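Below is one structure, written out as structure tokens; comments come after it.
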There are 2 protein chains.
Amino acid sequence: MHHDTRTAIIEAAASLFSDLGYSAVSMRDVANKVGVTPANLYHHFKGKDELIREALAHVFTHKTASLEALLNVNQDADEKLEAFVHWLVHLLAEDKIFCRLLVRELTDGDAGRLEYLSKTVFERPFTLVRSLASTRVRDGEDDFLAAVSIIGVVLGQVQLGAIVRHLPGGCSDHLDPDVITRHVIAALRECFKTTSIKDA
Amino acid sequence: MHHDTRTAIIEAAASLFSDLGYSAVSMRDVANKVGVTPANLYHHFKGKDELIREALAHVFTHKTASLEALLNVNQDADEKLEAFVHWLVHLLAEDKIFCRLLVRELTDGDAGRLEYLSKTVFERPFTLVRSLASTRVRDGEDDFLAAVSIIGVVLGQVQLGAIVRHLPGGCSDHLDPDVITRHVIAALRECFKTTSIKDA
DNA sequence: GTCTATAATTTGATAGAC
DNA sequence: GTCTATCAAATTATAGAC
């Protein structure tokens, strides 16, 4: 499977870090998961800090590549925004390691790591969503905040999924990525129904 | 200030846990912050697990009490929903310990702790928002998901605040609770503009 | 590149004096 | 109720054989 031990270590570490957090995972835990000795990890990485950085880079890099292709096809802004929501919901729902490390970095990351996260993960999608939103927000509204809300509502839906089954009326349908996607798209369609262009 | 050592320990622990996470904080760290010896902590609590549970209970209990009073005044559903958004944005923005522990529990909490979190924090506000939304969502739309989105968009805005200054166009205005509140309220107003009642 | 063995430090927790 | 002193286990990390 993994002919590259270094990669195997990084992927085991990313999985454990995403589940338990950085400080709750020891070098032993990672080594055991890979099937090597703890000392081996120090041959491939200077220490735990470097392993954390490499694991984050492995999970975050090129994560938005599939988005570019998706939005290069000929579509109007409405369709592109809907394609983005579909892409983001499914990305966060299906790659739990990515999703959980993302939330951990948003909560715990220092200034340097947050800037790295912004550049590698958020900058391209954010710029794109902001440009899609800017042509559709009402006059006087802030397209920056609109973009944050669009990404934020998806992130919030996924995170609150952890307690959906404990809330009155919650059922497994409310965890289905396709159901969430349709709901968010419908809500955004309402929200942007009257554009400044159409009003003019 | 704190005549009650036990309470001082709990509050120091909550502060440290919210900043660094449970496993990154040692009993020594908590004791040092309070100004007592580590052994003292084991007189007040059976162990670290109990201290974590007590800290969570201290931060989460009665957190939604101010909401009840806020919404008991005579207002229509629109005004109540806007009052809720204002309340939630300011709660999450101003009580960072509560906000960060909340996100940690959503990410890391086991089934038991998530159920506890749901009951103590989310159940009342959620039921309330859901009832406010249910009279206003379009026919065929899911009021459960609408409530999750309303809470989720606020949670997302606050969490993405960590990288706002690294995103193109981001400025400190976008972190101002009042600015965020106005933005979310305006967006929801658009989203709910056509209610099934008014259409009928 | 991987292992055995181990050093140095930190951590959760306890016993018992005051 | 708080302290001193301490332990056993776990953790990060290194040295050196294979």
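The figures here come from the full heavy-atom set of this structure, side chains too, leaving out hydrogens, waters and symmetry mates. Computed from a prediction, not measured in an experiment: that's the story for all the values here. Sequence lines set the chain letters: A, B, ... in the order given, protein chains first and strands last, and positions in each chain run from 1.
- In this structure a side-chain-to-backbone donor-acceptor pair under 3.5 Å is present from B/Arg130 to A/Pro168.
- Here the straight-line distance linking atom NE2 of A/His166 with atom CG of B/Leu117 works out to 10.0 Å at 0.5 Å rounding.
- In this structure a side-chain-to-backbone donor-acceptor pair under 3.5 Å is present from A/Asp29 to A/Ser26.
- At least one donor-acceptor pair under 3.5 Å links the side chain of A/Arg104 to the backbone N or O of A/Asp19.
- Under a 3.5 Å cut-off, the side chain of B/Lys63 and the backbone N or O of B/Thr120 do not form any donor-acceptor pair.
- Because its NZ or CZ atom is both nearer than 6.0 Å to the ring centre of A/Tyr22 and within 45° of the ring axis, A/Arg113 counts as a cation-pi partner of that residue.
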Under 3.5 Å, which N/O atoms of the protein pair with N/O atoms of nucleotides 10-12 of chain D?
{"residue": "D/dT12", "atom": "OP1", "partner": "A/Lys48", "partner atom": "NZ", "Å": "3.0"}
{"residue": "D/dT12", "atom": "OP2", "partner": "A/Met27", "partner atom": "N", "Å": "2.9"}

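- Side-chain N or O atoms of B/Thr61 include none that pairs as donor or acceptor with a backbone N or O of B/His58 at under 3.5 Å.
- Taking every nucleotide of DNA chain C with any atom under 4.0 Å from a non-hydrogen atom of chain B, the first and last of them, 5' to 3', are C/dT11 to C/dA15.
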